Structures are given as structure tokens and as C-alpha cells.
Amino acid sequence: MSDGPPDSLIPYDEIVQEALRAVVGRVLGQVASEGLPGTHHFYITFKTGAPGVAIPRSLEERFPDEMTIVLQNKFWDLKVTEDGFEVGLTFNQVPAHLEIPFAAVTAFADPAVDFALQFQTQVEIDSIREPENAENDRPAVQSEDGSNVVTVDFGRKK
């Protein structure tokens with residue numbers, strides 16, 4: 001007899017991932033129709049090279065694997081479908097239109113209420129790297145050396 005659990009003929013992991021991605025869709029759908037309530041805002045990380053992702057070439061070149069966007073102050077035309085969402089954002093004061101399937105989303109967080117979801121991806125463990133900090137919708141912060149630095153630190157207790 002083997003010591004591990006038996007192999008399941010039911011794809012529970014896939015079913016759970018699909019259900020959690022539906023949470024993202026439902027939340028974004030509500031925001032699309034009613035706007036962001038209170039101090040809620042979202043960090044959404046996605047695979048830029050995933051099938052169905054449509055982003056400007058400049059962003060694709062800068063973030064060839066994964067990027068994080070922020071839906072907080074400056075976004076427009078949020079549209080949600082059964083399979084994904086599209087939204088307008090600015091990057092370095094240049095407007096951009098993004099189309100992102102829910103299957104490409106790897107993380108969703110609402111730091112206002114300390115809520116976060118992490119999704120499994122179908123990539124090799126060696127190719128996973130820490131996501132870049134989101135660069136949109138955040139005021140530029142001038143550091144003492146004159147560079148623009150934005151630090152994102154959510155989900156960690158200090």
C-alpha cells in the first residue's frame with residue numbers, strides 16, 4: 001500500500017481555482033457597475049504572456065512574464081465578461097487599454113480589508129519570480145536622490 005493519498009479522478013484543484021477566480025470576476029463586476037466603495041482598491045497580478053492577454057507592446061517588453069496593476073484612483077472603462085476584464089489605465093502618464101482573462105490572473109488583493117487570493121499557475125517552479133511593483137495609478141514619490149520610488153508592501157504585519 002502507498003503512504004500518500006489516492007489519486008483523485010475529480011480535478012478538485014482546478015475546480016477550486018476556477019471558483020476563486022469567479023470571486024475576482026464578481027468583485028470587478030460590482031465595481032464596474034457601482035464604482036469602488038470606500039477605501040477599497042485592488043492589486044491584480046497577471047501573466048503578461050498568457051493566452052488572451054492584450055497589453056501595449058511597451059508594457060509587454062518591460063514586463064515579459066508578469067505584472068501588477070492597481071485599480072484605485074485613475075482607471076476607466078472597466079468592463080467585465082465571463083472570461084476576463086478590460087480596463088484603461090495610465091503608465092508614466094500614457095493611457096493604455098488592457099484586456100486580461102481571469103485565467104491569466106495569479107494574484108488579487110484588496111489591502112484596504114487585508115484580503116488576498118493567490119492562484120496556481122501552469123509554469124515551471126524555476127521560472128516563477130517576484131512580481132514587479134505596480135507602476136500605475138500611484139502618485140510619484142520623490143526620494144532624496146531624486147528618483148521616483150514606489151514601495152508596495154501589503155499582507156505583511158510589521
Side-chain angles (χ1 to χ4, degrees), residues 5 7-139 150 152-156:
D7 290 336
S8 175
L9 300 177
I10 300 172
Y12 287 111
D13 289 344
E14 291 176 30
I15 294 169
V16 169
Q17 291 294 308
E18 187 177 309
L20 290 175
R21 283 189 170 94
V23 170
V24 176
R26 184 169 174 185
V27 168
L28 291 178
Q30 182 175 339
V31 169
S33 65
E34 301 172 18
L36 273 171
T39 60
H40 290 273
H41 58 288
F42 310 126
Y43 290 86
I44 304 171
T45 303
F46 63 96
K47 291 289 188 183
T48 55
V53 170
I55 60 175
R57 183 174 301 278
S58 61
L59 293 176
E60 193 175 339
E61 290 170 355
R62 189 164 183 192
F63 303 100
D65 180 45
E66 193 170 61
M67 76 179 288
T68 300
I69 58 173
V70 178
L71 299 186
Q72 185 172 15
N73 298 320
K74 297 179 184 176
F75 69 93
W76 59 91
D77 294 336
L78 176 61
K79 295 179 182 121
V80 181
T81 66
E82 187 175 314
D83 297 323
F85 67 99
E86 55 185 272
V87 67
L89 295 166
T90 57
F91 296 88
N92 295 325
Q93 300 177 350
V94 177
H97 179 82
L98 289 77
E99 295 179 26
I100 304 164
F102 292 125
V105 174
T106 59
F108 175 87
D110 182 349
V113 292
D114 201 24
F115 176 81
L117 295 172
Q118 194 81 26
F119 302 103
Q120 295 174 356
T121 59
Q122 302 295 333
V123 296
E124 297 294 321
I125 297 296
D126 294 339
S127 69
I128 296 175
R129 63 184 169 101
E130 288 294 313
E132 304 282 338
N133 287 341
E135 294 186 12
N136 65 304
D137 294 337
R138 308 297 291 166
V150 177
V152 177
D153 184 17
F154 58 90
R156 293 188 183 139

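Since the structure is predicted, the reported quantities are computational estimates derived from the model, not experimental observations.
With rounding to the nearest 0.5 Å, the separation of CZ in Phe115 from CZ in Phe108 is 6.5 Å. From Glu99, atom CD reaches atom CG of Asp83 across 12.0 Å, with rounding to the nearest 0.5 Å. Put simply, CG on Leu89 and CG on Asp77 are 10.5 Å apart, with the number rounded to the nearest 0.5 Å. Between the OH atom of Tyr43 and the OG1 atom of Thr68 there is a distance of 9.5 Å, given to the nearest 0.5 Å. With values rounded to the nearest 0.5 angstrom, Glu86 atom CD is found 7.5 Å from Thr81 atom OG1. For the atom pair Phe46 CZ and Ile55 CD1, the distance stands at 5.0 Å (nearest 0.5 Å).
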Determine, step by step, whether Leu28 and Leu71 satisfy the side chain to side chain contact (heavy atoms under 4.5 Å, CB included) criterion, reporting the C-alpha distance in whole Å, the side-chain angles of both residues, the deciding distance to 0.1 Å, and the verdict.
CA-CA 10 Å; Leu28 291 178; Leu71 299 186; 3.8 Å; yes
Quick one: do Thr48 and Leu59 satisfy side chain to side chain contact (heavy atoms under 4.5 Å, CB included)? Show the steps, please.
CA-CA 9 Å; Thr48 55; Leu59 293 176; over 6 Å; no
Let's go through Phe85 and Ile44 carefully: what are the C-alpha distance in whole Å and the side-chain angles of both, what is the deciding distance for side chain to side chain contact (heavy atoms under 4.5 Å, CB included) to 0.1 Å, and is it a yes or a no?
CA-CA 11 Å; Phe85 67 99; Ile44 304 171; 4.0 Å; yes
I'd like to know whether Lys47 forms a side chain to side chain contact (heavy atoms under 4.5 Å, CB included) with Val53, so could you lay out the CA-CA distance, the side-chain angles of the two residues, the decisive distance to 0.1 Å, and finally the verdict.
CA-CA 8 Å; Lys47 291 289 188 183; Val53 170; 6.0 Å; no
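Side-chain contact between Pro56 and Phe91 is absent, with no heavy atoms from C-beta onward closer than 4.5 Å. A heavy-atom distance below 4.5 Å is not found between the side chains of Phe102 and Val23. Side-chain contact between Ile15 and Ile10: present, with at least one pair of heavy atoms (C-beta onward) separated by less than 4.5 Å. At least one side-chain heavy atom of Thr90 sits under 4.5 Å from a side-chain heavy atom of Trp76. With a 4.5 Å cut-off on side-chain heavy atoms, Leu36 and Phe42 count as touching.
Using a distance-only test at 3.5 Å, with no hydrogens or angles considered, no donor-acceptor pair links the side chain of Gln120 to the main chain of Gln17.
Taking both residues in full, the closest heavy atoms of His41 and Asp110 are given as O-OD1, 3.0 Å, listed atom of the first, atom of the second, then distance. A pairwise comparison of heavy atoms in Ala32 and Val80 identifies CB-CG2, 4.3 Å as the closest pair. Of all non-hydrogen atoms in Pro101 and Pro51, the two that sit nearest each other are CG-O, 3.3 Å. Nearest heavy atoms, Val113 versus His40: CG1-CE1, 3.5 Å. Between Gln118 and Ala107, the shortest heavy-atom contact is OE1-CB, 4.0 Å.
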